[in-house]
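Heavy-atom basis, side chains included; hydrogens, waters and symmetry copies ignored. So you know, we letter chains A, B, ... as the sequences are listed, proteins then strands, and number each from 1.
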Amino acid sequence: MDQFEVKALFGGDVSWYTPTNVTLWMALTVLAASALMIYGARGRALVPSRAQSAAEMTYGFIYNMVKDVAGHDAIRFFPYIFTLFMFVLFANLLGLIPFAFTTTSHIAVTAVLAFTVFLSVTTLGFILNGSKFLGLFWVSSAPLALRPVLALIELISYFARPISHSIRLAGAMMAGHAVAKVFAGFASALGAAFFVPVLAVTALYALELLVAVIQAYVFTILTCVYLRDALHPSH
Amino acid sequence: MEGDIAEMGKFIGVGLTAIGMGGAAIGVGNIAGNFLSGALRNPSAAAGQTAMLFIGIAFAEALGIFSFLVALLLMFAV
Amino acid sequence: MEETAAPGTGMPQLDVTTFSNQIFWLVVTMVVLYYVMSRVALPRIAAVLADRRGTITSDIAAAEEFKLKAQQAEEAYKKAEAEARAEANRIVEAAKAEMQAELDTQIAKADAEIAAKAAESERRIREIRDSAMELVADVSKDITSDILGVFDTKADARTVNAAVSNRLKGSAS
């Protein structure tokens, strides 16, 4: 579990402003995202290069996701959702580098991200729709007797959203890294048969690459789904 | 046999939480399989529903991750 | 729950003492990333995409225009061809008509000439016949008066002439 430890970069205790490995890997995340989106797209060519093409595809992918899932009026939140996606994606991917620190494997980080989304979406829902936002919990298509029960269930599931939203990401990241660590431990314990766990770790690593991208995608698309509920609560 | 009985209970509990991951595996397999059979019936509609597929998989998988988290908490935090 | 056990035993994720540090740096990172993305990267890429869309649209419009021009050129060509054909037909018709007219006049002229010649011949023939008739009348008169002379019948020359002319007229008609 020491791969998840928060350490001060220059020694000493960890207080709230100390530069730690969290700082380092978050800075690298910003650098990597900027490298793709700014340095990669610096040509501004009519016929894009490979890096520019990748940057444009990322842009178009998130843009269409926001538009299709959350609706046209959610486009004004596109920069924020894009920032979330880039942060989670590159934090996940950089965390897969051996000896790296995965910032998104920490509940504290993902919980802040998820609660920011939760609070802003809830506030937005009340600002835009007023008390009609509560209609989200009052399922008008259900029989009247069932509605209070459903409202309670909806309410609980609504407040469970940020918890599942954050724990899903942190848990998936932590699980992958922990399993990789366990398999790597087998490799040194097995001696001559070391290649079996090494092959397993290789396969696991490929799976983790997929998981890193999918978790970033899922985190973003769930943000879009919550945003849609805030913008159009009536259903 | 060294160790106290609380330690043993902890490890039994961790083992039991692993069953939860099996449930998540069944759920994810169910979603993916149903998506595939639906997509093969109407391939033209499949492309628009991949987002729903991933959302469904994410929800099903989250519960498996919760059980994994409970296992970790039992192992290291309790 | 035990408070932060020794490193390696507890979960670092649950070490509350590092939370403030992580949250602080996360907020800094998110703010920086948000500004970098929303102020620099996204407008730039949006501009490039809009630029490309504009170029593609204008190119398609230009292609459409060229296609239209080609169609117009083809139409103009077809029209010119049809005109040329009509012109040629017209010229052929005109030439034909001219030739016909020429032919007609020539034929008319020839006809007229022939008619004139025929009339002349007729006239000559009539003249010749008339003169021959006159001769016959003279000779008849002479012979009649001679015959009358032989029969010693004294006849008036005028009476003889009238009788002879009468007979000749009746045989001639």
Side-chain angles (χ1 to χ4, degrees), chain A residues 1-8 13-20 22-27 29-30 33-34 36-38 40-48 52 55-56 58-60 62-63 78-80 82-84 86-87 90-91 103 105-113 116 170-171 174, chain C residues 1-70:
Chain A
M1 283 286 164
D2 53 335
Q3 58 173 329
F4 300 120
E5 238 171 87
V6 177
K7 294 183 206 111
D13 282 341
V14 176
S15 58
W16 64 271
Y17 55 85
T18 324
T20 52
V22 178
T23 322
L24 173 68
W25 287 98
M26 281 186 181
T29 304
V30 173
S34 311
L36 174 65
M37 300 310 290
I38 296 174
R42 74 194 179 285
R44 303 191 203 186
L46 208 58
V47 179
Q52 191 187 341
E56 281 167 10
T58 318
Y59 179 96
I62 302 299
Y63 191 88
F78 166 65
Y80 181 63
F82 190 80
T83 309
L84 267 183
M86 289 314 269
F87 176 77
F90 277 102
T103 48
S105 70
H106 274 261
I107 304 261
V109 171
T110 57
V112 168
L113 292 178
T116 315
M174 199 199 326
Chain C
M1 286 212 188
E2 291 156 338
E3 243 331 277
T4 60
T9 53
M11 273 175 75
Q13 277 88 347
L14 299 176
D15 184 359
V16 192
T17 53
T18 62
F19 276 18
S20 56
N21 181 276
Q22 294 189 43
I23 291 168
F24 170 67
W25 288 113
L26 174 68
V27 169
V28 170
T29 306
M30 286 306 280
V31 168
V32 169
L33 193 60
Y34 181 76
Y35 271 89
V36 169
M37 286 297 142
S38 66
R39 293 275 182 278
V40 185
L42 296 181
R44 201 178 279 188
I45 289 176
V48 170
L49 288 180
D51 213 32
R52 181 169 313 143
R53 203 169 303 132
T55 311
I56 288 170
T57 317
S58 65
D59 279 4
I60 286 173
E64 205 66 37
E65 202 174 301
F66 280 132
K67 198 174 155 196
L68 207 68
K69 266 189 192 159

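- Separating the OH atom in A/Tyr59 from the CE atom in C/Met37 is a distance of 12.5 Å, to the nearest 0.5 Å.
- With chain A as the partner, the residue from C/Val36, C/Leu49, C/Val40 showing the most heavy-atom pairs under 4.5 Å is C/Leu49.
- Heavy atoms of other residues, nucleotides or ligands lying less than 6.0 angstrom from CZ of C/Phe24 number more than 12.
- With contacts defined as side-chain heavy-atom distances shorter than 4.5 Å, the pair C/Arg52/A/Val47 does not qualify.
- Residue contact with chain A, scored on non-hydrogen atoms closer than 4.5 Å, involves the side chain of C/Arg44 exclusively.
- Contact of C/Ala46 with chain A is made through backbone and side chain together, with heavy-atom distances under 4.5 Å.
- Using a 4.5 Å cut-off between heavy atoms, A/Ala170 makes no contact with chain C at all.
- Within the 4.5 Å cutoff, no side-chain heavy atoms of C/Trp25 are placed close to those of A/Thr103.
- Heavy atoms of A/Phe82 lying under 4.5 Å from chain C belong exclusively to its side chain.
- For chain A, the option among C/Val48, C/Thr18, C/Leu26 with the highest count of heavy-atom pairs below 4.5 Å is C/Leu26.
- Residue C/Asp59 qualifies as enclosed at atom CG: its count of foreign heavy atoms under 6.0 Å is above 12.
- Residue A/Leu36 does not touch chain C at all, counting heavy-atom pairs closer than 4.5 Å.
- Heavy atoms closer than 4.5 Å to chain A are found in the side chain of C/Thr55, but not in its backbone.
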